[in-house]
Amino acid sequence: MERRSSAPVTDNEGFFNRVYDVTRMIPRGRITSYGAIARYLGTAGSARMVGWALNSSHHSHGFIPAHRVVNRNGLLTGKRHFGNSSTMQQLLENEGFTVTDDKVLEFRERFWDPSVEL
DNA sequence: ATTCTGACAGCAA
DNA sequence: TTTGCTGCCAGAA
């Protein structure tokens with residue numbers, strides 16, 4: 001069942017699916033962090049779970065912009081989980097980001113906080 | 001049921 | 001400032 005992108009994510013579904021839902025809501029050209037998603041889901045401190053969930057995101061159908069999720073410093077900590085080591089950076093650059101030394105320079109300006117935007 | 005692990009975050013040195 | 005250790009919680013083995 002598809003969820004409306006404008007509606008907040010409920011906790012009816014499993015944790016992983018909630019992570020996927022939020023991730024799918026990240027607008028193109030914006031970026032967020034694992035911790036921000038964790039806080040929005042009400043499980044602050046479980047940022048590691050967000051990463052774990054995204055690790056299985058490839059298994060999910062549909063497009064999940066996991067490349068728009070980086071750590072709190074704007075570091076591409078999950079680049080290794082994209083087929084090629086440069087895939088994540090490529091995807092971000094395609095959306096207008098500047099990545100230097102695995103770090104997104106526009107992290108602060110284009111930061112998208114679900115607990116604020118949603 | 002128990003133990004290990006992780007695409008993090010916070011804080012102490 | 002950078003480095004390292006600890007807490008976190010939900011899956012996987």
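Below, read A as the first sequence line, B as the second, and so on, with proteins coming before strands; counting in each chain starts at 1. These numbers were taken from a predicted model, which means no experiment stands behind them.
- Side chain of A:Asn73 to backbone of A:Leu75: no donor-acceptor contact under 3.5 angstrom is found.
- With a heavy-atom cut-off of 4.0 Å to chain A, the contacted part of DNA chain C has its first and last nucleotide at C:dG7 to C:dG11.
- Atom CD1 of A:Ile31 is separated from atom CG of A:Leu76 by 7.0 Å, given to the nearest 0.5 angstrom.
- Straight-line distance from the CD1 atom of A:Ile26 to the C1' atom of B:dA7: 13 Å, rounded to whole Å.
- Look at CG on A:Asn73: it is 17 Å from P on B:dA7, rounded to the nearest Å.
- A:Ala66 comes within 4.0 angstrom of a nucleotide base, judged by non-hydrogen atoms across all strands.
- The NE2 atom of A:His59 sits 18 Å away from the P atom of B:dA7 (whole-angstrom rounding).
- Between A:Asp102 atom CG and B:dC8 atom P the separation is 13 Å, expressed in whole Å.
- Side-chain contact between A:Phe97 and A:Phe107 is absent, with no heavy atoms from C-beta onward closer than 4.5 Å.
- In this structure, A:Trp52 atom CH2 and B:dA7 atom C1' are separated by 10 Å, rounded to whole Å.
- We find that CZ of A:Phe16 is positioned 12 Å from C1' of B:dA7, with the value rounded to whole Å.
- Evaluated for a side-chain hydrogen bond (donor to acceptor under 3.5 Å, both in side chains) with A:His67, the options A:Lys79, A:Gln90, A:Glu95 yield exactly one hit, A:Glu95.
- No donor-acceptor pair under 3.5 Å is formed between the side chain of A:Ser86 and the backbone N or O of A:Gln89.
- Taking 4.0 Å as the cut-off between side-chain N and carboxylate O, A:Arg18 and A:Asp21 do not count as a salt-bridged pair.
- Between A:Ala44 and A:Ser56, the residue anchored closer to the 5' end of DNA chain C is A:Ala44, taking for each the nucleotide with the nearest heavy atom.
- An OP1 or OP2 oxygen of B:dG10 is reached within less than 4.0 angstrom by a side-chain nitrogen or oxygen of A:Arg72.
- Rounded to an integer number of Å, the gap from A:His81 NE2 to B:dT5 C1' is 12 Å.
- Look at CZ on A:Arg48: it is 14 Å from P on B:dC4, rounded to the nearest Å.
- Here A:Asn55 lies in heavy-atom contact (under 4.0 Å) with a base.
- A:Leu54 and A:Ala66 get closest at one heavy-atom pair: CD2-CB, 4.3 Å.
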